[in-house]
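Structure, as structure tokens:
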Amino acid sequence: MTGKAALTTLEQDAMLAAARAAMDKAYAPYSKFHVGAAVLDENGRIHAGCNVENAAYPQGVCAEAGALSAMVLAGGSRVRAVLVMGPGEALVTPCGGCRQKIREFAAPDAQVLIAGDAHIRASFTLEQLLPHSFGPEHLGK
């Protein structure tokens, strides 16, 4: 799936608002590091997720994984774009595991937007974040 249309300003603004609302609801009592994510699916619907920590640290859930789960639950099957929002000056990009989770539903040219508290700070393609990736097509899907 290549040649995706660029996101409109309205789509970007809606994704930013959804990620911000999700970030505000994150459950991060241990790290205090709240992350929100928004996924835009093939039907133009936006699905949000937040990070949810656990006392058994590795058992937490990333915001991107939550947003992907919400998309699947709503009947979506393809990711057009992802927006990740986190605090601080450094870019909060998806972790390696989330990059692979996104790849399950997105083509290498899908947009991954990185936002701070108020605005989009960077834009990548999934290929830039996960070069030479392994996806469903490798298994004949």
Side-chain angles (χ1 to χ4, degrees), residues 1-2 4-141:
M1 196 181 244
T2 60
K4 291 181 179 67
L7 295 177
T8 66
T9 301
L10 186 63
E11 288 171 326
Q12 288 183 20
D13 289 347
M15 290 179 75
L16 192 62
R20 184 178 298 112
M23 183 176 158
D24 289 344
K25 299 215 184 250
Y27 178 76
Y30 307 105
S31 72
K32 309 290 190 236
F33 195 82
H34 292 222
V35 179
V39 169
L40 178 66
D41 74 13
E42 74 275 22
N43 298 309
R45 296 176 299 185
I46 295 172
H47 312 277
C50 62
N51 59 318
V52 178
E53 293 180 350
N54 186 295
Y57 248 109
Q59 299 303 313
V61 177
C62 294
E64 300 90 328
L68 289 169
S69 293
M71 179 192 78
V72 170
L73 180 62
S77 62
R78 295 298 299 167
V79 169
R80 282 187 50 214
V82 177
L83 186 143
V84 181
M85 175 183 280
E89 292 302 313
L91 296 179
V92 178
T93 61
C95 71
C98 284
R99 292 174 193 205
Q100 187 63 47
K101 288 175 181 77
I102 295 165
R103 177 62 176 89
E104 184 68 19
F105 300 99
D109 64 349
Q111 272 190 288
V112 180
L113 305 170
I114 309 303
D117 290 335
H119 63 282
I120 295 170
R121 298 172 57 201
S123 177
F124 301 95
T125 64
L126 184 56
E127 175 72 19
Q128 289 172 308
L129 294 177
L130 189 65
H132 310 290
S133 66
F134 184 86
E137 67 278 3
H138 290 93
L139 300 174
K141 279 189 84 180

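Please read these numbers as outputs of a predicted model, since none were measured by experiment.
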To the nearest 0.5 Å, tell me how far [X] [atom1] sits from [Y] [atom2].
X: Asn43; Y: Arg78; atom1: CG; atom2: CZ; result: 12.5 Å
X: Ile114; Y: Met85; atom1: CD1; atom2: CE; result: 10.5 Å
X: Glu53; Y: Gln59; atom1: CD; atom2: CD; result: 13.0 Å
X: Leu130; Y: Thr125; atom1: CG; atom2: OG1; result: 10.0 Å
X: Leu83; Y: Asp13; atom1: CG; atom2: CG; result: 10.5 Å
X: Leu113; Y: Met15; atom1: CG; atom2: CE; result: 6.0 Å

The complete set of side chain to side chain donor-acceptor pair (under 3.5 Å) pairs with one or both residues in residues 89-101, sequence neighbours excluded, reads Thr93-Arg99
Once you measure the plane-to-plane angle for Tyr30 and Tyr27, does it fall in the parallel (<30°), tilted (30-60°) or perpendicular (>60°) bin? perpendicular
Residue pair [X] / [Y]: nearest heavy atoms and the distance that separates them:
X: Arg80; Y: Leu7; value: NH2-CD2, 3.6 Å
X: Leu129; Y: Pro94; value: CD1-CD, 4.2 Å
X: Ala28; Y: Asn51; value: CB-ND2, 3.9 Å
X: Ala37; Y: Ala67; value: O-CB, 4.0 Å
X: Ile46; Y: Ala18; value: CG2-CB, 3.7 Å
X: Gly60; Y: Asn54; value: N-CB, 4.2 Å

**Prompt:** Looking at side-chain heavy atoms only, is the closest gap between Val39 and Phe105 below 4.5 Å?
**Reply:** no
With side chains defined as the heavy atoms from C-beta onward, is the minimum distance between Lys32 and Pro87 less than 4.5 Å? no
TODO: State whether the side chain of Glu42 and the backbone N or O of Ser77 hold a donor-acceptor pair below 3.5 Å, judged by distance alone.
DONE: yes
* To do: Answer yes or no: is there a donor N or O on one side and an acceptor on the other, between the side chain of Glu127 and the main chain of His132, under 3.5 Å?
  => yes
Next on the checklist: Strictly below 4.0 Å, N to O, side chains only: are Arg103 and Glu64 in salt-bridge contact?
Outcome noted: no
